[in-house]
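Have a look at the structure below before the remarks.
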Amino acid sequence: MTALTNLLDLDPAQLVAYCGELGEKPFRAKQLQRWIHQFGAGSFEEMSDLAKSLREKLSTRAFIAAPAIISDHTSTDGTRKWLLDVGQGNAVEAVFIPEENRGTLCISTQAGCAVNCRFCSTGKQGFNRNLSVGEIIGQLWMAEFLLRKTKGIAPGPKGERQITNVVMMGMGEPLLNFEPTVTALRLMLDDNAYGLSRRRVTLSTSGVVPMIDKLSQECAVALAVSLHASNDTLRDSLIPLNKKYPLHELMAACKRYLDYAPRDFVTFEYCMLDGVNDTDQHARELVQLVKNVPCKLNLIPFNPFPESGLKRSATPRIKAFAQVLMDAGLVTTIRKTRGDDIDAACGQLAGEVQDRTRVQERMQKMAEYQTKFGKNFGKIVEITQ
Ligand code: SAH
Ligand code: SF4
């Protein structure tokens, strides 16, 4: 018996090929894709304009399923966070951040992460595995249609879109899971799926230089780069990947990317670590570093967790740092944080759930954390694009 196909794993071209294998015309793939990604269909019965024979054929060979939800919490300000089961004791997070004129979904691309940045608890978990296309796009599918359901918007063609922006800033390094990430991006942009503009989809990377170039060729969406340091010695100590792709290479890659990017700037993220990277001297060095790259700076107050041994810079220090950048003419924002008191926020669960042998216990622990801290959301708090 051949394995059932999860249709969330297929990009537009693959869906056409799949329909071809079933003896169906390409326009059927388009219909199917719209049912899944625009109308939120999770079963074939509801696809009323597909022939009954096709629906029956599909139900014996395929299915539509996103990762199972372990927990689902909404904060008082409407921020909603899901913890999703991706099997073998691994869980990833997706966070929805509603704002006045937009709704942003932050999604994960890997369970754990191999880059192992000093300030990131996802990194401390180590790398577990890459997410599949279905697990990546499934976060958007699940979130979009659950949000509609919560608002009482009936499933089907007339649904009003809830998610207007997507940021790949959850768990994992998207450029180290390149193909599935790009396939998921293509679905986000496809007019017969989510139809998001490239400007509204942002990929954040710790700086995998060759893959930045590859992304510019294959699917140039808005780019955010996690900089966090103003010189190589400091960045080497925070982001081990910097030893492989040092700052001059990273800056050159950012410049090259801008020839293809949907926006005329790169966003540099800079996590504010007390006494580590947050002096006025660092700010001045940062100004020099980025001077040839059209960019915006986004300062992120560090979200502490015990094993990091790091502390968040005090607010006046962050403001003073921002002032040096702004005085030099750099557009700078400070990301607002919530859930300061916890280390169970986005990507912050690793310390408590590291033992991979005790899977059930680990899942239970994650669910407990979510229940306990359900109103608090940490790492991803306000996305400025
Ligand atoms: N791997 C990618 C995307 C996921 S991390 C990357 O590194 O860019 C998304 C953002 O969260 C990155 O800018 C990362 O540096 C930041 N981040 C990670 N841990 C953090 C923490 N403890 N506090 C604040 N920001 C953190
Ligand atoms: Fe991985 Fe990004 Fe965390 Fe670094 S900051 S360990 S690249 S998820």
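With no hydrogens or angles considered, a side-chain donor-acceptor pair links Asp278 and Ser313 at under 3.5 Å. Judged by distance alone, the side chains of Gln323 and Asp327 do bring a donor and an acceptor atom under 3.5 Å apart. Remark: the Thr183 side chain and the Asp11 side chain contain no N/O donor-acceptor pair separated by less than 3.5 Å. In this structure, a donor-acceptor pair under 3.5 Å is absent between the side chains of Asn298 and Glu269. With no hydrogens or angles considered, a side-chain donor-acceptor pair links Asn130 and Gln110 at under 3.5 Å. Inspection of the Gln33 and Asp190 side chains reveals an N or O donor paired with an N or O acceptor under 3.5 Å. Side-chain contact, Gln31 with Arg28: a donor N or O sits under 3.5 Å from an acceptor N or O.
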Worked verdict on Thr74 versus Thr79 for side chain to side chain contact (heavy atoms under 4.5 Å, CB included): CA-CA 6 Å; Thr74 305; Thr79 303; over 6 Å; no
Verdict with supporting geometry, Lys244 and Glu249, salt bridge (Lys or Arg N to Asp or Glu O under 4.0 Å): CA-CA 10 Å; Lys244 197 162 180 192; Glu249 286 186 26; over 6 Å; no
Test side chain to side chain contact (heavy atoms under 4.5 Å, CB included) applied to Glu218 and Arg186, step by step: CA-CA 9 Å; Glu218 295 202 12; Arg186 289 205 181 106; 3.8 Å; yes
Verdict with supporting geometry, Val133 and Gln14, side chain to side chain contact (heavy atoms under 4.5 Å, CB included): CA-CA 12 Å; Val133 175; Gln14 289 165 332; 5.9 Å; no
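Leu215 is listed as a side-chain neighbour of Leu203, based on a closest heavy-atom distance under 4.5 Å. Taking the side chain as every heavy atom from C-beta outward, Arg80 and Thr150 approach each other to under 4.5 Å.
With hydrogens and angles ignored, the 3.5 Å screen pairs no side-chain donor or acceptor of Lys311 with any backbone N or O of Pro304. Remark: the backbone N or O of Thr109 is paired with a side-chain donor or acceptor of Asn177 at under 3.5 angstrom. For Gln139 (side chain) and Ser108 (main-chain N/O), a donor-acceptor pair under 3.5 Å exists by modelled atom type. The backbone N or O of Ala222 lies less than 3.5 Å from no partner atom in the side chain of Arg198, so there is not a single donor-acceptor pair. At distances below 3.5 Å, not a single donor-acceptor pair connects side-chain atoms of Thr5 with backbone N or O atoms of Leu7. Proximity of a side-chain donor or acceptor of Asn277 to a complementary backbone N or O of His228 within less than 3.5 Å is detected. Although no hydrogens or angles enter the test, the distance criterion places no donor-acceptor pair under 3.5 Å between the side chain of Thr104 and the main chain of Asn165. In terms of modelled atom types and a separation under 3.5 Å, the side chain of Arg55 and the main chain of Asp49 share no donor-acceptor contact. Checking side-chain atoms of Trp141 against main-chain N and O of Ile36 turns up a donor-acceptor pair under 3.5 Å.
Checked for salt-bridge contact, Arg317 and Asp280 meet the test: a charged N lies under 4.0 Å from a carboxylate O. For the pair Lys124 and Glu307, the salt-bridge criterion is not met [side-chain N within less than 4.0 Å of a carboxylate O]. Ion pair Asp274/Arg312 not flagged as a salt bridge, since none of the NZ, NE, NH1 or NH2 atoms sits closer than 4.0 Å to an Asp/Glu carboxylate oxygen.
Under the rule for a ring pair (Phe, Tyr, Trp, His ring centres under 6.0 Å), the partners of Tyr270 that lie at least two apart in sequence or sit in another chain are Phe321. Applying the salt bridge (Lys or Arg N to Asp or Glu O under 4.0 Å) rule to Glu56 yields the partners Lys52; only residues at least two apart in sequence or on another chain are considered. Glu46 pairs by the side chain to side chain donor-acceptor pair (under 3.5 Å) definition with Ser43, not counting sequence neighbours. Taking Glu45 as the reference, nothing meets the side chain to side chain donor-acceptor pair (under 3.5 Å) condition, with sequence neighbours excluded.
Residue Val324 is not grouped with residue Val293 when hydrophobic side chains (ILVMFWY) are merged at heavy-atom distances under 4.5 angstrom, including chains of intermediate members.
Of the listed residues (Met168, Glu135, Met169), just one forms a side-chain contact (heavy atoms from CB on, under 4.5 Å) with Ile107, and that residue is Met168. Screening Ile137, Ile64, Leu140, Leu32 for a side-chain contact (heavy atoms from CB on, under 4.5 Å) with His37, the sole residue that qualifies is Ile137.
Residue pairs meeting the salt bridge (Lys or Arg N to Asp or Glu O under 4.0 Å) criterion with at least one member in residues 172-181, sequence neighbours excluded, are Glu179-Lys214.
Between His282 atom NE2 and Leu325 atom CG the span is 12.5 Å, to the nearest 0.5 Å. Taking CG of Asn6 as the reference point, atom OG of Ser132 lies at 7.0 Å (rounded to 0.5 Å). Of the inter-residue distances, the one linking Gln162 atom CD with Arg148 atom CZ reads 7.0 Å to the nearest 0.5 angstrom. Here the straight-line distance linking atom CZ of Phe96 with atom CG of Leu146 works out to 11.5 Å at 0.5 Å rounding. Residue Leu58 holds its CG atom at 11.0 Å from CG of Leu4, rounded to the nearest 0.5 Å. Separation of atoms CD1 (Ile212) and CD (Gln217) is listed at 13.0 Å; rounding is to 0.5 Å.
Counting heavy atoms of neighbouring residues, nucleotides and ligands inside a 6.0 Å radius, atom NZ of Lys30 does not exceed 12 of them. Residue Phe63 qualifies as enclosed at atom CZ: its count of foreign heavy atoms under 6.0 Å is above 12.
Below 30°, between 30° and 60°, or above 60°: for Phe145 and Tyr194 the angle between ring planes is between 30° and 60°, a tilted geometry.
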Could you go through residues 233-240 and list every donor-acceptor pair under 3.5 Å that involves a side-chain atom there, pairing it with any protein atom two or more places apart or in another chain?
| residue | atom | partner | partner atom | Å |
| --- | --- | --- | --- | --- |
| Arg235 | NE | Leu227 | O | 2.9 |
| Arg235 | NH1 | Asn242 | OD1 | 2.7 |
| Arg235 | NH2 | Ser206 | O | 2.8 |
| Arg235 | NH2 | Ser226 | O | 2.7 |
| Asp236 | OD1 | Asn242 | ND2 | 2.8 |
| Ser237 | OG | Leu234 | O | 2.7 |

